[in-house]
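Below you'll find the structure, written out as structure tokens, and then a few comments.
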Amino acid sequence: MLLSAPEATVFRPVDPKVSFPALEERILQFWKEQRIFEKSIEQRPEDNLFVFYEGPPTANARPGIHHVLSRVFKDLVPRYRTMRGYRVPRKGGWDTHGLPVELEIEKELGLKSKPEIEAYGIAAFNEKCKESVSRYVEEWTRLSERIAFWADYDHPYVTYDNGYIETCWWIFKQLWDAGLVYQDYRSTPHCPRCGTSLSDHEVALGYQDDVPDPSVFVKFRIPGDALADAGYRAAGPLALVAWTTTPWTLPGNVALAVKADAEYGVYELEGEAVILAEALAPKVLGGEPQPAARLRGEQLVGLAYEPLYRPELLGHPVMRFDDDGRLRPLAAGEATDGLRRVIAADYVSLEDGSGIVHIAPAFGGEDFEEGKHYRLLFAQPIDLRGIMAEGLPGAGKFAKQADRDVERDLEERGLLLKKGTIKHTYPFCWRCGTPLLYYAKPSWYLRTTALREQLLAGNERINWYPEHIKHGRFGNWLANNIDWAVSRERYWGTPLPFWRCEACGEAACIGSKAELIERAEDRAAAEALDDLHRPYVDAVTIRCAACGGTARRVPEVADAWFDSGAMPYAQWHFPFEHEAEFRRHFPADFICEAIDQTRGWFYTLHAEATLLKAAGAIPDGIAYKNVICLGHINDEKGNKMSKSRGNTVDPWTVIEKHGADATRWYMYAASPAGMPRRFSAGLVEEGLRRFLLTLWNTYSFFVSYANIDGFRPAGGRVEPAAEIDRWLLSELNALVAKVTAELEEYDPTDAARAIEAFVDDLSNWYVRRSRRRFWRGASEGDADKQSAYETLYAALVTLAKLLAPFTPFVAEELWQNLVRSVDPAAPESVHLAAWPEADASRIDDRLNAETQLIKRLCSLGRAARAKASIKVRQPVAEVVVKLRDAAEAAVVERNRHLVLEELNAKALRLIDDETEVVAYDVKPNLPVLGPKHGQAVGAIRQGLAALDPAEVAAAVRRGRGLAVAGIELEPGDILLQAQDREGYAAAQEAGYTVAVTTAITPELADEGLAREIVRRLQDLRREAGFELADRIRAWVAGDAEVERVVASHAAYISGETLAIELTAGEPPAGAVRAEEDLDGSRTVFGVQRVS
RNA sequence: GGGCCAUUAGCUCAGCUGGUUAGAGCGCAGUCCUGAUAAGACUGAGGUCUCUGGUUCGAGUCCAGAAUGGCCCA
């Protein structure tokens, strides 16, 4: 090999032992200094926008690995779109309001309840909340930058800003005017500790399984002759049996529900009779109880029963639903006798309980609806803290503790038929863990149910990845939509802009600060308002438009999810400012969050857009067109990561060890975006080794040799000289097409895997098989060498571009060193470059398939060699190949040199019949034959043995059966075992046979030894730290055999090792030497650099 | 109770609209190769493709049902 001396170093030398984290730090510095992110936006035309919305995180805790997951997916699409020529602004944002923030501060201040917060002072409390939400902003920004999540954090939107709040007010006003806001008593999930309702999505966060609760069957007495019409008279007491798991709600009981068309039975027990559903009687009473009488549910409807408790007689206020379904307080002294009655309800279950359901409208959703329908009483002798009222069992205790007092009380009064414990799923407060109580109280609602059709129609226009979310989880959620409970009885949030008149009760909605000033009783005070939060806004009263009285703001703040859903408008302070920006940036082309956001941000964005469109306030009814919905990230055992389990992964440790690119690559390549994934640092490392290092080594190889040869890319279209070059360019263009198509479909995973496969081909086939082309001197064919360089160069440069969205750092490194170094006119960064276009004329599917064939044959050849234990360094005389068809012969002929070189063989011969190299042994397939032919197997065995195995084998291989001992055998009845023929070692697969000759002639043995010597010398060169192109003197001292080969193969050995002098004998003192065992004899090797 | 997703080697995952003998990576054992390689090649052990039916000439793939797990909702 003749390597020319380095002429000019074109490319910066590449360290094969690269530290990716250090490399990344350098590139971060470069991006920052050169403002690459800013330029990637500025350089793209303003009228070709691709809109991305950043879902705002709350920066009151450290970011975790799951945030890295969503950020790298969020980052990939904008980078790709930028390279496609779009301008993709990325405004960062912070979500700042809400209960989690308040709870954090409560904990810090040691506050335990709302009265304590109010005693501490709402202003001071909110100030603390405000400080806390930016506590980790720096940490978030630092991590985001480090993983190359490009976003504008210098101008983020912040949900606590007055402007943001004002836009939220504007939205409320639009909906208010459209009749989409209302206040209603509703049964809502209520956290007695936090003192507020929770929205459905919050409730969803806190379900716990296997929660033990009481299971009690309670007797509600009725008169003994109550069933006279049905023909039954009780001798003793008679009672309806109802079942509940919440005894604390029994003081609120105002009705019992039965299923009208179900069968009920009267069962006589010791001294009393009870009524319950026939279907459930065996379960409740045990055995096979026989009813003393039977009746249908409808016959029970209207029966008045004896109340267990009558809070109204204990001085507790009780209300009643009026004809309009509104609650009105009972008049003083108004009698409630006989108002507690049996009603009919469809949902009464005949699978659990007794078939009679206890109804307490104050505490249950369906109960509340029944209350409206039947104009029931409404008794709520438990306050918002969940404390039982005076005079009732468990008075002063928390509801769940009062359960036992209620049970005991009923037991003492003989009203408890049966008690036990069940385990079921029950909701707890997702932040503080307190059991939620369903509690009827007034809340503000957005009438989303009125727009169900629009919500669903809008969803049809959204592309979901993975697709099943669209009609699955998200679609079902929309189809089962209920009105959005949007108020929270809390402090740190967007104040609801509703004012209610103290005099007449009239409510008004204020849609802006200007409107507030306009209507304020004290305009100066309103104008001076520089913080729209509580408590300041609470101080502003307005004049009631209806009666001229004073209206005060309602005490609630908005659900923080409302803020996040307002982001498309509020980030611009629309419509007060930036109207044009809003219009240009709505709706988003792309958003990306994890699957939990189907009920969070995905929903609130969609709901608010739909509501605003219905109110006529915005141009389009969807807020986003494409959405990647990520699966959750679990620990390596598949368990959910959580602080309490202690199995969270700190992203920094992974990034500092393996780098951001490796982490990103893992996220994209390991599993599809929508699937839950198991994360471990080990998997990141695996991707690093398998992919990034392979790429890096190929890059390093190229730069080493290109510098030696002073290669400069010619520019323009590469004209490949060799078939393998044409193949690589074909695969490369196919890759470009594939990656582009996948990214258009928002599927980074298939794209990444395709790149990975290409890099493997590039390194382990193209470079391996082309290596010597890079070594050759100019005299041996400059055109071929140039073609190899151009081809490899083109592949690496294209890879840099394809990888830019995935692994932005290593892509930048390749770009800077391979492109910018030789072309100062090239874009300053790969992230400012144009996305590559696939050249369809380069894609040759047939060539790709043919290369697969050659690789397969080489693989078989290596297997054949291994079988014969002939190492690859030892040349063999001949490789013999049997192909499947004649067309393949031409392919092999064209690639003859590749196969010969790869398999280190002197000759290649194609044969038509593999029986030249293998013989088939024929055996009966006994496990198959046995069941089929039973005792005849013996005869078949003998008959088969008597036949010519070659003929039998030939028949079987053609898929034909044959008759043996008078029995027709099928091909599957006979087993063929190939045996190598004398002098050959063969391997077979799918109709191909590749064999090598096993006889090693003395000449071949000498060549093998020469190659062995070359390898030892090369090792020594490397150990000595010589440069690739250094010339050396070399010595080999061994036995006569070794020295003879050194002499006879001197030219070969010298050429390979760049030795200008090769001596058979001991190396001198100054040489680097090594003693090694060579074919059983001690041999001394020595090398010395020629200066 | 309902919805969605998943189930393929010890682990992580491919397997497209049904089509020869179900693959890869990691890990394990061994052999080999290497002046780009932290790599790579070959071999071995490791699979009733969760199960049961069905459609079909043919099912890991399509259909129905079941089981298990995950997420979500009640």
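Applying the 4.0 Å criterion to OP1 and OP2 of A36(B), one finds that Arg771(A) has a side-chain N or O inside that range. OP1 and OP2 of A36(B) both lie 4.0 Å or more from every side-chain N or O belonging to Tyr699(A). Proximity of Arg599(A) to the phosphate of C72(B): no side-chain N or O atom is located under 4.0 Å from OP1 or OP2. At the phosphate of C32(B), neither OP1 nor OP2 sits under 4.0 Å from any side-chain N or O atom of Arg862(A).
More than 12 heavy atoms of other residues, nucleotides or ligands sit less than 6.0 Å from atom NZ of Lys470(A).
Nucleotides G23(B) and C33(B) place their P atoms 28 Å apart, quoted to the nearest Å. Between the C1' atoms of A9(B) and A36(B), the separation comes to 33 Å (whole Å). Nucleotides C11(B) and G47(B), compared at atom C1', are 15 Å apart to the nearest Å. For the P atoms, the distance linking G70(B) with U8(B) amounts to 15 Å, nearest Å. Between G1(B) and U55(B), the distance separating the two C1' atoms is 32 Å to the nearest Å. U48(B) and A22(B): their P atoms are spaced 13 Å apart (whole Å). For the P atom pair drawn from U21(B) and G25(B), the interatomic distance equals 23 Å after rounding to whole Å.
Heavy atoms of Arg1015(A) sit under 4.0 angstrom from at least one base atom. No engagement by Ser704(A) is indicated, since no non-hydrogen atom pair under 4.0 Å with the nucleic acid exists. Note on Val1014(A): nothing from the nucleic acid sits closer than 4.0 angstrom, heavy atoms only. In this structure, Ser763(A) reaches the bases: a heavy-atom distance under 4.0 Å links it to at least one base atom across the strands shown.
Contact of the Phe368(A) side chain with the Phe363(A) side chain is not registered, since no non-hydrogen atoms from C-beta on lie closer than 4.5 Å.
Among the nucleotides A6(B), A38(B), C33(B), the one closest to any side-chain atom of Met675(A) is A6(B). Comparing C71(B), C13(B), G40(B) by their closest approach to the side chain of Asn764(A) singles out G40(B). In the set U34(B), G3(B), A36(B), the nucleotide with an atom closest to the side chain of Arg473(A) is G3(B). Closest to the side chain of Phe701(A), out of A36(B), A14(B), C33(B), is A36(B). For His468(A), whose side chain is taken as the heavy atoms from C-beta onward, the closest listed nucleotide among A36(B), C33(B), C5(B) is C5(B).
Here the P atom of nucleotide A38(B) and the NZ atom of Lys657(A) are 18 Å apart, to the nearest Å. Across the protein-nucleic acid pair, Arg1016(A) atom CZ and U34(B) atom P stand 10 Å apart, rounded to whole Å. Rounded to an integer number of Å, the gap from Leu857(A) CG to C42(B) P is 13 Å. Rounded to an integer number of Å, the gap from CG of Leu683(A) to P of C13(B) is 8 Å. Between the CG atom of Asp1019(A) and the P atom of U37(B) there is a distance of 11 Å, given to the nearest Å. What separates CG of Leu903(A) from P of C33(B) is a distance of 14 Å, to the nearest Å. The CG atom of Asp596(A) sits 14 Å away from the C1' atom of G70(B) (whole-angstrom rounding). To the nearest angstrom, P of U34(B) lies 14 Å from CD1 of Ile1013(A).
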Trp765(A) vs Cys858(A), side-chain contact (heavy atoms from CB on, under 4.5 Å): CA-CA, chis, key distance, verdict | CA-CA 11 Å; Trp765(A) 187 254; Cys858(A) 288; 3.8 Å; yes
Could you walk me through whether His632(A) and Asp596(A) pass side-chain hydrogen bond (donor to acceptor under 3.5 Å, both in side chains), step by step?
-> CA-CA 8 Å; His632(A) 279 134; Asp596(A) 50 294; 3.0 Å; yes
CA sep, side-chain torsions, deciding dist, call: Trp477(A), Phe602(A), ring pair (Phe, Tyr, Trp, His ring centres under 6.0 Å) = CA-CA 11 Å; Trp477(A) 168 251; Phe602(A) 295 150; over 10 Å; no
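Nearer the 5' end of RNA chain B, as judged by each residue's closest nucleotide, is the contact made by Leu1020(A), out of Arg689(A) and Leu1020(A). For the pair Val767(A) and Pro672(A), nearest-nucleotide mapping onto RNA chain B gives the more 5' position to Pro672(A).
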Measure all distances between protein nitrogen or oxygen atoms and nitrogen or oxygen atoms of nucleotides 22-29 of chain B, and list the pairs falling under 3.5 Å.
residue: G25(B); atom: O2'; partner: Glu686(A); partner atom: OE2; Å: 2.9
residue: G25(B); atom: O2'; partner: Arg690(A); partner atom: NH1; Å: 3.1

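A salt bridge between Asp760(A) and Arg690(A) is absent, with no side-chain N of the basic residue lying under 4.0 Å from a carboxylate O of the acidic one. Salt bridge annotation for Lys738(A)-Glu742(A): present, with a cationic side-chain nitrogen under 4.0 angstrom from a carboxylate oxygen. Using a 4.0 Å cut-off between charged side-chain N and carboxylate O, Glu901(A) and Arg768(A) make no salt bridge.
Looking at Asp761(A) and Tyr766(A), their side chains never bring a donor and an acceptor atom within 3.5 Å of each other. Using a 3.5 Å distance cut-off with no hydrogens or angles, the side chains of Thr245(A) and Asp213(A) do not pair a donor with an acceptor. In the model, Asp483(A) has a side-chain atom that pairs as donor or acceptor with a side-chain atom of Thr449(A) under 3.5 Å.
Arg753(A) contributes a side-chain N or O that, together with a main-chain N or O of Ala669(A), makes up a donor-acceptor pair within less than 3.5 Å.
Scanning RNA chain B for stems, defined as runs of 3 or more consecutive Watson-Crick or G-U wobble pairs whose donor-acceptor distances all fall under 3.5 Å, gives the following ranges: B:1-7 with B:67-73, B:10-13 with B:23-26, B:28-32 with B:40-44, B:50-54 with B:62-66.
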